[in-house]
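Just so we're on the same page: letters track the sequence lines, and every chain starts at 1. Below, each value reflects all heavy atoms present in this structure, side chains not excepted, and no hydrogens, waters or symmetry copies.
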2 protein chains.
Amino acid sequence: MADMTEDIVETTERGSVMGRGTGGRQKLIEAALELASTTRSLASLGLREVTRCAGLAPNAFYRHFRDFDDLGLAAVDMMSSGLRSGLRERRLSLVRARKGPIVSADGAIVPSGREAIRATVGLVLDYVTEHPTAYVVGIRELNGSSPRMRAAVRKLLDDFARDMVEDIQQMLDAPMTDAVSMQEIGRQIIQQMTFFSMEYLEQPQRRDEIREQAERFILRMFVGEMALQAMTPKKKAGRK
Amino acid sequence: MADMTEDIVETTERGSVMGRGTGGRQKLIEAALELASTTRSLASLGLREVTRCAGLAPNAFYRHFRDFDDLGLAAVDMMSSGLRSGLRERRLSLVRARKGPIVSADGAIVPSGREAIRATVGLVLDYVTEHPTAYVVGIRELNGSSPRMRAAVRKLLDDFARDMVEDIQQMLDAPMTDAVSMQEIGRQIIQQMTFFSMEYLEQPQRRDEIREQAERFILRMFVGEMALQAMTPKKKAGRK
DNA sequence: CATGAATGTGGACACTCGTCTACTTTTTGT
DNA sequence: ACAAAAAGTAGACGAGTGTCCACATTCATG
């Protein structure tokens, strides 16, 4: 979540600032995320609880949001742009360092390909530990009670998957499989990574094991797909 | 969730029954699940709301539960015993009908093995549509705000995975891989099935596609594991 | 038959809730 | 300079909350 340093604003006798650009909206979003990432969920937060945590009066909520869904969607939107670009920058700096397949034509795992998977898993899980709030709240709302929140987080995961697939394609010499299968595998990897991420945050003593399991998972997906492709002869998709 | 037909009990002037065996505990659990499976989560339910839905006075809650975590854990416990045995019965009747591998020694998919995967996926997703409340609430609490609920649902998924692995081992002539890897794959399949299940419930128009994606996912996991095993020569685990 | 346990009840209590009205302060646009 | 917009405030309102006390009903046990 972007660290936002607010400009210094003098307060009135009342101890608050008013008028444009006072950052109340941002304070409400951050308060909700802070409360939702600890022992609460967004659905169980109260309006007065959030405004209290933000240091504003209850009615300030209605100056920025229509309802809690509105607040939640704003929170997801704020998190997603930062998370997505930050994660992608790191992965790109990694995959650009190497060019070649992960699985060779005869189905064997290329050592440097495996190393790239391992490094990618590492950077993703490191990223998770640096942004626990965003991940906890996001994954929690993925199956939460709000349909709009579920749809928003699902779309975010789809975006993550598309990014990842594009980055991997960039690293490969030739496509591993057709684009549709690649997108399907990308989504499934991202979905499964939500489980690894939550375990990684909640069970720090198992972190090495979780990294290895995530690496093996991704290898199984790629090796399995290559093998399935080999069993189903068809024209390979052109380079995108 | 087990359908419970209560014995006929005469009510007092007050319109309620009291004393032993009146089923108040059961009513509270069912009321909570009903509310939690629609537009709410367990964490956002109020005590009076649940007791009202159950048709009891607010204080009746304290006769059965200490707090909401207590209620939630009772609900998971009630769901899990029925879900687990019901699902397993169905799968066993399926896998007992055939004996043999899913992937042959040379890495090819055995047609009847693939058919078994397809049928198993089908029966699991049918089972999900028959028990939407249990799945929605269970998956929702998997990453919910209560650590005790998360641990309980996680354990339930682990149990599901162990059952599935044992059933598959029963169907296979010889073990596909070592027991530890098999358990890891089993857990990952069950975890991924939570995504397929939620999509299956929320996007009925995509059900055929979701079944196919789930089938391909499981095949990738097994074919990928066989291929990984073939690349890493080691003594195969003995039959369990 | 009496007693205790289980399990229900009504009512009270202090507190908190979401939402509204009316007002205040600050900034921006004309 | 003034008006409008943005964004804050206090206070009020009806409704609902969790929790407690004391009592009532039913069943099992000695």
Side-chain angles (χ1 to χ4, degrees), chain A residues 4 6-32 35-36 39-75 78 145-146, chain B residues 4 6-32 35-36 39-75 78 145-146:
Chain A
M4 178 176 163
E6 296 191 47
D7 292 339
I8 295 172
V9 182
E10 292 191 17
T11 60
T12 64
E13 276 182 51
R14 290 179 169 190
S16 64
V17 294
M18 302 182 198
R20 295 175 176 179
T22 56
R25 184 176 194 276
Q26 185 68 17
K27 282 174 182 162
L28 288 167
I29 292 177
E30 287 168 9
L35 291 166
T39 58
R40 311 298 299 284
S41 64
L42 277 174
S44 67
L45 296 180
L47 181 152
R48 282 178 180 257
E49 183 177 16
V50 173
T51 56
R52 189 164 48 236
C53 184
L56 299 170
N59 207 48
F61 179 92
Y62 296 110
R63 295 286 179 263
H64 303 284
F65 304 106
R66 176 172 326 195
D67 51 30
F68 253 79
D69 249 4
D70 219 11
L71 169 61
L73 290 169
M78 193 188 76
S145 51
S146 162
Chain B
M4 177 176 165
E6 296 191 46
D7 291 339
I8 293 171
V9 181
E10 295 191 17
T11 61
T12 64
E13 275 181 51
R14 290 179 169 190
S16 63
V17 292
M18 303 182 198
R20 292 176 178 179
T22 57
R25 185 176 194 274
Q26 185 70 17
K27 281 171 181 162
L28 289 166
I29 292 176
E30 286 168 10
L35 292 165
T39 58
R40 313 295 300 286
S41 64
L42 277 175
S44 67
L45 296 180
L47 180 151
R48 282 179 180 257
E49 182 178 17
V50 173
T51 56
R52 189 165 52 235
C53 185
L56 299 171
N59 206 47
F61 180 93
Y62 296 110
R63 295 286 179 264
H64 302 284
F65 305 106
R66 177 171 328 196
D67 52 29
F68 255 79
D69 248 5
D70 219 12
L71 170 60
L73 291 169
M78 193 188 77
S145 50
S146 163

#### Entry: Nearest-Å distance for atom pair CD/P, residues E49(A) and dG18(C)
9 Å
### Query
How long is the span from the OG atom in S145(A) to the CG atom in L35(B), to the nearest 0.5 Å?
12.0 Å
### N/O donor-acceptor pair, side chain N59(A) with base dT19(C), under 3.5 angstrom
no
#### Entry: Atom pair distance, as rounded to whole Å: CD1 in I29(A) and C1' in dA7(D)
15 Å
#### Entry: Whole angstrom value for the distance that separates P of dT17(D) from CG of L47(A)
17 Å
### Message
Quick check for you: to the nearest 0.5 Å, what is the distance between L56(A) atom CG and R48(A) atom CZ?
### Response
13.5 Å
### Message
Among residues 60-69 of chain A, which ones have heavy-atom contacts with DNA chain C below 4.0 Å?
### Response
Y62(A), R63(A)
### Query
If you find the nucleotide of DNA chain D closest to G19(B) and the one closest to G46(B), which residue's nucleotide is nearer the 5' end?
G46(B)
## Note on the structure
dist L71(B):CG -> H64(B):NE2 (nearest 0.5 Å) comes out at 11.0 Å
### Message
Tell me whether the side-chain N/O atoms of T22(A) come closer than 4.0 Å to OP1 or OP2 in dG8(D).
### Response
yes
### Nearest-angstrom distance from the residue atom CD of Q26(B) to C1' of dT7(C)
15 Å
### Integer-rounded Å distance: dT26(D) P and M18(B) CE
7 Å
### Query
Nearest 0.5 Å, what's the CG-CZ distance between L73(A) and F68(A)?
12.5 Å
### Query
Can you tell me how far C1' of dT17(D) sits from CZ of R48(A), to the nearest Å?
13 Å
## Note on the structure
Per side-chain contact (heavy atoms from CB on, under 4.5 Å), R25(A) is matched among I29(A), T22(A), L28(A) by I29(A)
### Message
So, taking the atom named CE in M78(B) and the one named CD in Q26(B), what distance separates them when rounded to the nearest 0.5 Å?
### Response
5.0 Å
### Query
How many Å lie between CG on L56(A) and P on dT25(C), as a whole number?
17 Å
### Query
If you take all heavy atoms of P58(B) and L47(B), which pair is closest and at what distance?
O-CD2, 3.6 Å
### Task
Please state whether the phosphate of dC17(C), meaning OP1 or OP2, lies under 4.0 angstrom from any side-chain nitrogen or oxygen of R52(A).
yes
